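Read through the structure below, which is laid out as structure tokens, and then see the notes.
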Amino acid sequence: MRSLADSFVEHTREDGYSFGWDPAFIHHLDNHCTEFAASKPSPEVVHSVIMESGAYLGEMIVRNSDWKWVYCTNENAAAVESP
């Protein structure tokens with residue numbers, strides 16, 4: 001998930017955004033999502049951005065708290081878990 005989150009940061013820089021790991025950057029996520037949705041991307045790109053932006057949000061929580069990434073076998077997905 002960390003790798004996906006880092007990809008999100010890199011890809012959004014190419015689009016003029018400056019995401020980082022300080023929680024102050026979170027407010028940019030809403031603007032990015034609004035602009036992205038308005039661009040009418042292909043389903044493949046939508047899937048990629050959903051995965052990367054979700055990983056970014058989760059990684060932001062992990063890096064700024066004592067929460068951690070876990071794998072939920074019943075959901076077949078990664079999640080952030082509180083201690």
Side-chain angles (χ1 to χ4, degrees):
M1 296 308 288
R2 177 171 280 182
S3 177
L4 276 174
D6 287 336
S7 291
F8 176 79
V9 171
E10 290 175 31
H11 292 148
T12 54
R13 276 201 188 112
E14 295 167 7
D15 295 332
Y17 284 89
S18 297
F19 286 101
W21 300 111
D22 184 309
F25 289 107
I26 287 292
H27 76 277
H28 295 295
L29 193 55
D30 188 44
N31 291 337
H32 177 267
C33 290
T34 299
E35 288 180 16
F36 175 75
S39 72
K40 308 258 191 254
S42 70
E44 296 82 16
V45 173
V46 169
H47 180 271
S48 176
V49 170
I50 287 170
M51 295 299 293
E52 288 182 356
S53 60
Y56 172 76
L57 185 56
E59 185 64 18
M60 178 68 78
I61 293 167
V62 168
R63 289 186 186 206
N64 290 284
S65 70
D66 57 353
W67 292 31
K68 63 181 180 176
W69 283 109
V70 295
Y71 185 76
C72 300
T73 54
N74 61 331
E75 301 278 335
N76 196 28
V80 175
E81 181 178 71
S82 66

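As the structure is a computational prediction, the values presented were derived from the model and not from experiment. Any value given below was found using the heavy atoms of this structure, including those in side chains, with hydrogens, waters and symmetry copies removed.
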Do you know the tightest heavy-atom contact between [X] and [Y]?
{"X": "Y17", "Y": "H28", "answer": "CE2-O, 4.2 Å"}
{"X": "V49", "Y": "H32", "answer": "CG1-CE1, 4.3 Å"}
{"X": "W69", "Y": "G58", "answer": "CZ2-C, 3.5 Å"}
{"X": "V80", "Y": "W67", "answer": "CG1-CE3, 3.4 Å"}
{"X": "V9", "Y": "T12", "answer": "O-OG1, 3.1 Å"}
{"X": "S53", "Y": "L29", "answer": "CB-CD1, 4.4 Å"}

Q: Scan residues 44-62 for pairs that pass salt bridge (Lys or Arg N to Asp or Glu O under 4.0 Å), counting only residues two or more places apart or in two chains.
A: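 As it turns out, the salt bridge (Lys or Arg N to Asp or Glu O under 4.0 Å) pairs with a partner in residues 44-62, which skip direct neighbours, are R2-E59, E59-R63.
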Cluster check [X], [Y]: I/L/V/M/F/W/Y, side chain < 4.5 angstrom:
{"X": "F8", "Y": "I26", "result": "yes"}
{"X": "M1", "Y": "I61", "result": "yes"}
{"X": "V62", "Y": "V70", "result": "no"}

Q) Does any N or O in the side chain of Y56 come within less than 3.5 Å of the main-chain N or O of M51, such that one atom is a donor and the other an acceptor? A)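 No, the answer is negative, given that no donor and acceptor are paired below the 3.5 Å cut-off.
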Q) About how many Å separate CD of E35 and CG of D30, when rounded to the nearest 0.5 Å? A)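 So the CG of D30 and the CD of E35 are separated by 10.5 Å.
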Q: With sequence neighbours excluded, tell me which residues meet side chain to side chain donor-acceptor pair (under 3.5 Å) with W21.
A: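 Residues passing side chain to side chain donor-acceptor pair (under 3.5 Å) with W21: none at all.
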